[in-house]
Amino acid sequence: MDLVISAISQGLLWSLLSLGLFISFRILNIADMTTEGAYPLGAAVCVVLIQSGFSPFTATIIAMLVGSLAGLLTATFINICKIPSLLAGILTMTALLSINLRIMRRPNLSLLNKETIFDSFTKLNLPPYFDIILLGLIILFIVILVMFLFFNTELGQALIATGDNPKMAISLGISTKKMTTIGLMLSNSMIALTGAILSQNNGYADVNSGLGVIVVALAAIIIGEVIFTDVNFLTRLVCIVFGSIIYRLLLVFVLKLNVIQANDFKMVSALLIAIFLSIPELKKLSLSKVGKGNK
């Protein structure tokens with residue numbers, strides 16, 4: 001049972017990453033590889049600041065702001081240098097490998113005996129992992145509420161229009177370059193926030209921790225969209241959280257089968273995404289066969 005509760009707690013924290021990627025991947029329609037650099041960037045900045053004497057909450061907010069700069073760099077490559085979005089993200093991700101090493105001055109950095117944002121909830125003497133769940137729910141409530149309110153504003157709607165149809169957005173007087181910049185900054189600030197929070201949960205920051213995180217984030221988005229269809233925007237955001245939890249529970253289930261090792265998680269993640277992406281097409285094929293059979 002503890003393993004299931006642990007998976008739920010991790011699913012809640014990792015869903016922040018998926019919500020961040022949702023902005024670039026679904027709203028802006030950009031496959032932003034900056035994710036794999038912004039995540040360890042947030043972790044690196046947060047851990048270094050905590051070690052320097054900053055409060056965990058201050059360090060987390062600063063890490064979030066620094067993450068937005070990674071999105072700004074990618075947007076600059078796209079808007080000014082006219083580099084394709086996929087390549088722009090890869091360039092930023094590559095540059096961040098060196099930047100993260102400069103920030104930490106070593107490949108990994110520990111938070112041993114340092115205060116984290118989880119300590120305040122640990123003092124509540126809750127059952128194992130329930131402190132993580134409580135903090136995760138509070139942060140998710142704030143993030144989802146802010147996202148819902150923002151995307152119902154004129155600026156948020158302009159951002160959605162930019163992703164849906166850039167040409168139409170331009171004809172309506174929307175600056176797509178400005179919207180792309182805002183979207184990528186928001187997306188990567190949330191991704192860096194996830195890195196900051198998870199580094200405190202794990203007790204360390206690692207320069208290679210961003211490897212494959214985009215697959216984890218995509219898994220939650222795809223699972224949420226496939227299982228929960230025809231929903232409004234707010235429910236869609238909540239479904240991403242459920243997708244992240246389901247993804248973690250699936251990994252626990254596969255691990256309990258003793259078929260794979262922990263090192264195979266990335267491969268399993270890729271297979272899960274492939275399976276869930278195939279489900280809509282399989283449904284269409286089955287419906288078409290049923291229709292032909294009825295004829």
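Of the possible polar contacts, one joining the Asp119 side chain to the Thr116 backbone as a donor-acceptor pair under 3.5 Å is found. Remark: side-chain polar atoms of Asn79 are paired, donor with acceptor, to backbone N or O of Lys177 under 3.5 angstrom. Side chain of Thr74 to main chain of Ala70: a donor-acceptor pair is present (N/O by atom type, distance under 3.5 Å, no hydrogens or angles). Side chain of Gln51 to main chain of Ser110: a donor-acceptor pair is present (N/O by atom type, distance under 3.5 Å, no hydrogens or angles). With hydrogens and angles disregarded, a donor-acceptor distance shorter than 3.5 Å links the side chain of Asp206 to the backbone of Asn208. Put simply, the side chain of Ser15 never gets that close to the backbone of Val241: no donor and acceptor are under 3.5 Å apart. Side chain of Asn201 to backbone of Ile197: no donor-acceptor contact under 3.5 angstrom is found. Put simply, the side chain of Ser98 never gets that close to the backbone of Thr94: no donor and acceptor are under 3.5 Å apart. With hydrogens and angles ignored, the 3.5 Å screen pairs no side-chain donor or acceptor of Ser187 with any backbone N or O of Leu184.
When side chains are defined from C-beta on, Leu72 counts as touching Thr181, because their heavy atoms get closer than 4.5 Å. Contact check for Leu135 versus Asp131: no side-chain heavy atoms found under the 4.5 Å cut-off. Between Val213 and Leu21 the shortest side-chain heavy-atom distance does not fall below 4.5 Å. At least one side-chain heavy atom of Met179 sits under 4.5 Å from a side-chain heavy atom of Leu155. You'll find the side chain of Asp32 stays beyond 4.5 Å of the side chain of Phe25, heavy atoms only. Between Leu49 and Thr58 the shortest side-chain heavy-atom distance does not fall below 4.5 Å. Counting heavy atoms from C-beta on, the side chains of Gln10 and Leu198 come closer than 4.5 Å. The shortest distance between side-chain heavy atoms of Ile133 and Leu137 falls below 4.5 Å.
Placement of Val4 and Ile132 within a single hydrophobic cluster is found when ILVMFWY residues are connected by side-chain heavy-atom separations under 4.5 Å, directly or transitively. Cluster annotation: Tyr39 and Ile99 are assigned to distinct hydrophobic clusters (Ile/Leu/Val/Met/Phe/Trp/Tyr, side-chain heavy-atom contacts under 4.5 Å, transitive). Taking hydrophobic clusters as Ile, Leu, Val, Met, Phe, Trp and Tyr residues chained together by side-chain heavy-atom distances below 4.5 Å, Leu41 does not share a cluster with Leu65. If you chain together hydrophobic residues whose side chains sit under 4.5 Å apart, Val66 and Ile61 never meet in one group. Note: the hydrophobic cluster containing Ile90 does not contain Leu69 (ILVMFWY, side chain heavy atoms under 4.5 Å, direct or indirect links).
In Phe121, the CZ atom is crowded: over 12 heavy atoms of neighbouring residues, nucleotides or ligands sit closer than 6.0 Å.
Only one option out of Leu109, Asn108, Ile103 pairs with Val47 in a side-chain contact (heavy atoms from CB on, under 4.5 Å); it is Leu109.
With rounding to the nearest 0.5 Å, the separation of NZ in Lys114 from CZ in Phe54 is 13.0 Å. Interatomic distance, CG of Asp164 versus CZ of Arg26, reported as 11.5 Å (0.5 Å rounding). In this structure, CG in Asn29 is found 11.0 Å from CG in Asn165, a value given to the nearest 0.5 Å. Atom CD1 in Ile50 sits 8.0 Å away from atom CD1 in Ile117 (nearest 0.5 Å). Taking OG from Ser18 and CG from Leu237, the interatomic distance works out to 11.5 Å, rounded to the nearest 0.5 Å. The distance from atom CD1 of Ile222 to atom CD1 of Ile275, rounded to the nearest 0.5 Å, is 13.0 Å.
Listed here is the closest heavy atom pair of Leu211 and Glu36: CA-OE1, 4.0 Å. Residue Val143 comes nearest to Met190 through the heavy atom pair CG1-CE, 3.4 Å, listed as atom of the first residue, atom of the second, then distance. What you find for Gly71 and Asn188 is that their closest heavy atoms are CA-ND2, 3.4 Å. Nearest heavy-atom pair, Thr35 versus Pro40, reported as atom, atom and distance to 0.1 Å: O-CD, 4.5 Å. Of all the heavy atoms in Gly42 and Ala63, the pair that sits closest is O-CB, 3.4 Å. In terms of heavy atoms, Gly67 sits closest to Ala192 at CA-CB, 3.5 Å.
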Worked verdict on Met147 versus Ile23 for side chain to side chain contact (heavy atoms under 4.5 Å, CB included)
CA-CA 10 Å; Met147 285 182 69; Ile23 297 173; 3.9 Å; yes

Determine whether Val48 and Met104 satisfy the following criterion, side chain to side chain contact (heavy atoms under 4.5 Å, CB included), listing intermediate values before the conclusion.
CA-CA 7 Å; Val48 167; Met104 294 196 296; 4.3 Å; yes

Pair Ile191-Thr34, side chain to side chain contact (heavy atoms under 4.5 Å, CB included): steps then yes or no:
CA-CA 9 Å; Ile191 291 164; Thr34 313; over 6 Å; no

With side chain to side chain contact (heavy atoms under 4.5 Å, CB included) as the criterion, how do Leu140 and Leu19 come out once you've worked through the C-alpha distance, each side chain's angles and the decisive distance to 0.1 Å?
CA-CA 9 Å; Leu140 283 169; Leu19 288 169; 3.8 Å; yes

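A ring pair (Phe, Tyr, Trp, His ring centres under 6.0 Å) check over residues 147-179, counting only residues at least two apart or in different chains, returns the pairs Phe151-Phe233.
A donor-acceptor pair shorter than 3.5 Å can be found between the side chains of Asn232 and Thr235.
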